[in-house]
Amino acid sequence: MGNGTGIGRVRGLGSARHGAHHWLAQRYTAVGNLLLVLWLIFSLLTLPGLDYESVVLWIANPLVAVPMMLMIVSIFWHLRLGMQVMLEDYVHDKGLAFFSILLLNFYAFGGAAAGVFAIAKIAFTGVVE
């Protein structure tokens, strides 16, 4: 390894080959979020009323519940991807970075699971307590 040229100094420190997948996943979830949030807005605008009973009956429809669940999962996945990049860029202590990403994963998966559970509860029982 030479010290005189730029290529000699960086040889062996190439790409980890994970950046493209992460970048694409973030873009795909962003497009999915955009489409699903637009669907949500237009669906809510077409409801006859926004009272409790109307919204519960609307969410109980499988053609509404499934896209709502997809939206929840996509939003939390997108959040996780973006926050992971931020943590990797700005948290330099290895132990703190590991702990931060661990907490992020628990938050993202827990939040998505709670959202999907809430929608499923409404869809299957039609009641929220």
Side-chain angles (χ1 to χ4, degrees):
M1 302 216 162
N3 290 337
T5 64
I7 191 71
R9 286 189 296 272
V10 298
R11 191 167 291 152
L13 300 175
S15 167
R17 290 179 175 62
H18 294 290
H21 176 279
H22 194 104
W23 186 84
L24 282 172
Q26 204 166 20
R27 288 347 178 240
Y28 292 150
T29 56
V31 171
N33 291 344
L34 176 67
L35 295 175
L36 288 166
V37 168
L38 286 174
W39 164 82
L40 176 66
I41 291 169
F42 289 124
S43 294
L44 287 174
L45 289 175
T46 60
L47 279 177
L50 291 177
D51 57 300
Y52 177 80
E53 291 79 20
S54 298
V55 174
V56 168
L57 286 174
W58 175 70
I59 292 175
N61 181 355
L63 294 176
V64 173
V66 171
M68 289 281 284
M69 290 179 186
L70 290 173
M71 183 180 66
I72 293 292
V73 169
S74 180
I75 286 172
F76 274 98
W77 188 11
H78 186 76
L79 169 134
R80 185 192 160 279
L81 291 170
M83 291 295 292
Q84 180 181 346
V85 169
M86 186 202 60
L87 290 171
E88 289 170 349
D89 286 347
Y90 294 109
V91 179
H92 300 294
D93 180 71
K94 295 290 184 192
L96 183 58
F98 175 79
F99 184 68
S100 299
I101 290 178
L102 182 69
L103 284 178
L104 172 65
N105 286 332
F106 280 131
Y107 175 76
F109 293 127
V116 168
F117 178 77
I119 295 167
K121 183 174 181 179
I122 293 170
F124 290 128
T125 63
V127 185
V128 177
E129 297 173 9

Inset, instruction - Take Leu79 and Leu104 through the test side chain to side chain contact (heavy atoms under 4.5 Å, CB included) and record every step on the way to the result. - result: CA-CA 9 Å; Leu79 169 134; Leu104 172 65; 4.2 Å; yes
Legend entry - Under 3.5 Å donor-acceptor, Ser54 side chain and Leu50 backbone: no
Inset, instruction - Of all the heavy-atom pairs spanning Pro67 and Pro62, show the shortest one and how long it is. - result: CD-O, 4.1 Å
Inset, instruction - Output the distance between atom NE2 (His78) and atom OG1 (Thr29), rounded to the nearest 0.5 Å. - result: 5.0 Å
Legend entry - Shared-cluster residues of Trp77, by chain and number - hydrophobic side chains joined below 4.5 Å: Leu81
Inset, instruction - Could you tell me whether the side chain of Ile122 reaches within less than 4.5 Å of the side chain of Val55, counting heavy atoms only? - result: no
Inset, instruction - Supply the atom-to-atom distance Met69 CE to Ile59 CD1, rounded to the nearest 0.5 angstrom. - result: 10.0 Å
Legend entry - Linked, directly or transitively: Leu34 and Leu40 (ILVMFWY side chains, under 4.5 Å): yes
Inset, instruction - Check step by step if side chain to side chain contact (heavy atoms under 4.5 Å, CB included) holds for Val64 and Trp39. - result: CA-CA 10 Å; Val64 173; Trp39 164 82; 4.0 Å; yes
Legend entry - Results of side-chain contact (heavy atoms from CB on, under 4.5 Å) for Tyr28 - residues two or more places apart only: Leu24
Inset, instruction - Return the minimal non-hydrogen interatomic distance between Gly82 and Gln26, and the atom names on each side. - result: CA-NE2, 3.2 Å
Legend entry - Separation between CD1 of Ile72 and CD1 of Ile119, rounded to the nearest 0.5 Å: 4.5 Å
Legend entry - same_hphob_cluster(Met68, Val37) at 4.5 Å side-chain heavy-atom cutoff: yes
Legend entry - Members sharing Phe99's hydrophobic cluster (side chains within less than 4.5 Å): Leu103
In residues 85-92, what donor-acceptor pairs under 3.5 Å come from side-chain atoms, sequence neighbours left out?
residue: Glu88; atom: OE2; partner: Gln84; partner atom: NE2; Å: 2.9

Legend entry - Separation between CG of Leu38 and OG of Ser43, rounded to the nearest 0.5 Å: 10.5 Å
Legend entry - Hydrophobic cluster partners of Leu63 (side-chain heavy atoms under 4.5 Å): none
Legend entry - With Ala114 via side-chain contact (heavy atoms from CB on, under 4.5 Å) - residues at least two apart: none
Legend entry - Ala123 versus Ala65, closest heavy-atom pair with distance: CB-CB, 4.0 Å
Inset, instruction - Is it possible for you to say whether Leu44 and Leu36 belong to one hydrophobic cluster, with membership spreading through side-chain heavy-atom contacts below 4.5 Å? - result: yes
Legend entry - Atom pair CG (Asp51) and CG (Leu57), whose distance is rounded to the nearest 0.5 Å: 9.0 Å
Legend entry - Pairwise side-chain contact, Phe76 with Tyr107, heavy-atom cut-off 4.5 Å (strictly under): yes
Legend entry - Within one Ile-Leu-Val-Met-Phe-Trp-Tyr cluster: Leu35 and Ile41, side-chain cutoff 4.5 Å: no
Inset, instruction - With rounding to the nearest 0.5 Å, note down the distance linking CZ in Arg27 to NE2 in His22. - result: 9.0 Å
Inset, instruction - Look at the side chain of Thr125 and the backbone N and O of Lys121, then say whether any donor-acceptor pair between them is shorter than 3.5 Å. - result: yes
Inset, instruction - Would you indicate whether the side-chain heavy atoms of Tyr52 and Val56 approach each other to under 4.5 Å? - result: yes
